[in-house]
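A quick write-up on the structure given underneath.
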Amino acid sequence: MFSAITTDLDRCRQLLKSGEVVAIPTETVYGLAANCMDDTAVEKIFKTKGRPTFNPLIVHIHSVEQLQVLTKNVPEKAKLLAKKFWPGPLTLILPKNEKVSDLVTAGKPTVGIRMPNHKLTLELLAGLDFPVAAPSANPFTRVSPTSAQNVNQYFGDAVTVLDGGPCIIGLESTIIGFEDDLPVIYRKGGVAIEEIEACVGNVKLYIREENTPVAPGMLGKHYSPKTPLLLSQNIEKSLSEFKNKKIGILSYYRDDYSGSLVTKVLSQSKNLKEAAHNLYQYLHQLDAMNLDIIIAEELPEVGLGRSINDRLQRAQNS
Ligand code: TXA
Ligand code: MG
C-alpha cells in the first residue's frame, strides 16, 4: 500500500532524481529537499513551504569534497569549523561559485551549506550526483518538524517523507557567516556558541536590530505555534496574570506549578541538550490542545539554553 512515510531509500532517491521534493531526516529537524542544481525542483520547495523566494535555502552535502562544487575562497576558519563539527548541526555561509543558482541563494553571493549527521540521509545523498537544497520541512513561519509524523501532519500525502525517526538534536543548526576573517553567528542553534569560540576564537553575534536581516529566518515571525506564547522569567507571576484562561506551561525543570491545564517539562535534570531535543515536540503537542496561551519559561542563557531562548522569543513575537 502507498504510504507517504517511508524508509525506502531507493524510492526517495528516484523522486529526487526526477525533480520532486522529498522530506529528509536530519539530526536537527526534518528538511524539505530537492535537487539544488535544478531550478524547477527548487521552485517546488518554495511553493510547498509557502516560503517567499527572498529567503535563501541551505544546501546539504555528504562529503567535504562537495564544497568544491558549490563554493570558492573558503575562509580558513570555515575549514576548521567544518572539520570539527561536520557532519553536524552547523551551517556555513560561504562565497558561492557560478554553478549555484540565484534561486537557492535568493540572489546572494553566498550559499549556506551543511553536512547533516544522519545515517539514512548521508546514505541517500551519497547515491545522488547532486547536493540537495532543504529548508526545514514546515510551512513558512510554523514550528519545525522533528519527526516524520510532524511533516506528514503539515503536508499530508503531497510530500513523501523518508522516516529516520525522531531528530536527535531537535533544534535547527547554528548558522555562521564570515566578515573577512571574523565568524558571525547569524542563527543560534545546535552547536553552542561556546563550542564555536573554543574552535575559532572570538565570534560576532549578528544583531537583528542594527542591520537589515541577512538571514530572513532571523525575522520575528518564525518558529511559531498557532497558540499565543509568552516567554516568562517568573511562571507563577505570569500564571496570576492569566486567570480563567486555558493555560499550558512549558517549564524548564519544575512540574509543580498549579493553575494550568498542562505542564510540559523540558528536562527534569536541567540538561539543556535534553531540553532542546524536547522543545519542538512539546510545542507541537501544546499547540494541538486548543489552549488560550502557552507560558514558556526562559532558560539559562548558556550553551544550548541561548538557542532555545532565541526560538521561544521568536515564537512570542509572532
Ligand atoms: O538545521 C537546519 O539548518 C535545518 C535542516 C533541515 O538542515 N534547515 C533549516 O533551514 O533550518 P531553514 O531554511 O529553515 O533555515 C535556514 C536559514 C534561513 O533563515 C535562511 O534565511 C538562512 O538560513 N540562510 C540560508 N542561506 C543563507 C545565506 N546565503 N545568507 C544568509 N542566510 C542564509
Ligand atoms: Mg526554518
Side-chain angles (χ1 to χ4, degrees), residues 21-34 36 42 45-46 48-62 70-71 78 85-97 100-118 121-122 124-125 131-146 150-151 154 161-162 164 167-179 184-191 206 208 211-224 276 279-280 307 310-311 314-315 318:
V21 162
V22 173
I24 56 168
T26 83
E27 78 283 29
T28 59
V29 301
Y30 275 71
L32 198 59
C36 82
V42 173
I45 298 178
F46 284 102
T48 307
K49 204 176 145 78
R51 177 171 180 145
T53 48
F54 61 71
N55 196 349
L57 306 177
I58 295 176
V59 174
H60 295 66
I61 59 176
H62 66 87
L70 305 163
T71 61
F85 295 106
W86 280 357
L90 177 75
T91 296
L92 295 169
I93 306 287
L94 300 170
K96 80 171 194 85
N97 67 27
V100 180
S101 131
D102 280 343
L103 186 62
V104 171
T105 67
K108 288 181 198 304
T110 51
V111 57
I113 303 180
R114 171 166 121 75
M115 192 192 298
N117 188 12
H118 195 290
T121 288
L122 288 172
L124 174 81
L125 295 179
V132 299
S136 52
N138 50 285
F140 186 52
T141 77
R142 300 289 300 281
V143 178
S144 296
T146 54
N150 290 160
V151 181
Y154 279 143
V161 189
L162 177 61
C167 301
I168 300 285
I169 291 181
L171 195 71
E172 295 88 348
S173 60
T174 301
I175 302 183
I176 301 189
F178 298 87
E179 282 174 11
V184 181
I185 311 273
Y186 288 129
R187 178 175 74 186
K188 295 171 193 168
V191 181
Y206 178 80
R208 224 182 302 171
N211 308 281
T212 48
V214 233
M218 306 192 60
L219 291 168
K221 189 173 164 51
H222 243 83
Y223 311 96
S224 31
L279 177 70
Y280 287 153
S307 308
D310 170 84
R311 299 303 188 274
R314 294 182 205 208
S318 65

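Since the structure is predicted, the reported quantities are computational estimates derived from the model, not experimental observations. Read the numbers this way: they start at 1 and go in the same order the structure lists the ligands and their atoms.
The proximity of T28 to ligand 1, defined as any non-hydrogen pair under 4.0 Å, is limited to the side chain. Contacts between I175 and ligand 1, counted as non-hydrogen atom pairs separated by less than 4.0 Å, involve the side chain only. Both the backbone and the side chain of E172 come within 4.0 Å of ligand 1, judged by heavy-atom distances.
Listed by atom number, the atoms of ligand 1 under 4.0 Å from T110 heavy atoms are 28 (C), 29 (N), 30 (N). For ligand 1, the atoms lying closer than 4.0 Å to a non-hydrogen atom of G31 are 6 (C). Close approach to I58 involves these atoms of ligand 1, each under 4.0 Å from a residue heavy atom: 3 (O), 8 (N), 9 (C), 10 (O), 16 (C). Applying the 4.0 Å criterion to heavy atoms of K108 picks out, from ligand 1, the atoms 28 (C), 29 (N), 30 (N).
Ligand 1 has an N or O atom lying under 3.5 Å from an N or O atom of N55, backbone or side chain. Considering backbone and side-chain atoms alike, R114 places an N or O below 3.5 Å from some N or O of ligand 1. On a distance-only criterion, S173 and ligand 1 share at least one N/O pair closer than 3.5 Å. The distance criterion of under 3.5 Å between nitrogen or oxygen atoms is met by H60 with respect to ligand 1. Geometrically, ligand 1 and R51 share a nitrogen or oxygen pair separated by less than 3.5 Å.
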Would C167 and H118 satisfy side chain to side chain contact (heavy atoms under 4.5 Å, CB included), going step by step from the backbone distance to the final call? CA-CA 9 Å; C167 301; H118 195 290; over 6 Å; no

Do E27 and R114 pass the salt bridge (Lys or Arg N to Asp or Glu O under 4.0 Å) test, and can you show the C-alpha distance, the side-chain angles, and the key distance before you say yes or no? CA-CA 12 Å; E27 78 283 29; R114 171 166 121 75; 2.9 Å; yes

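When the options L57, V42, I45 are evaluated for a side-chain contact (heavy atoms from CB on, under 4.5 Å) with L103, the one that passes is V42. Results of the side-chain contact (heavy atoms from CB on, under 4.5 Å) test with H60 over V132, L122, T91, L124 single out V132 as the only residue that passes. Just one of T48, L32, V161, N138 meets the side-chain contact (heavy atoms from CB on, under 4.5 Å) condition when paired with Y154; it is N138.
With hydrogens and angles ignored, the 3.5 Å screen pairs no side-chain donor or acceptor of K108 with any backbone N or O of K96. Without hydrogens or angle criteria, T28 side chain to E172 main chain gives no donor-acceptor distance under 3.5 Å. In this structure a side-chain-to-backbone donor-acceptor pair under 3.5 Å is present from S224 to T141.
Within the 4.0 Å heavy-atom shell around ligand 1 one does not find T105.
Distances from atom 27 (C) of ligand 1 to the heavy atoms of P56, G107, P95, P25 put P56 nearest.
Between G189 and S307, the closest heavy-atom pair is O-OG, 2.8 Å.
Under 2.8 Å from the Mg ion (ligand 2) lies no N/O/S atom of N138, from backbone or side chain alike.
Within the 4.5 Å cutoff, no side-chain heavy atoms of N150 are placed close to those of Y280.
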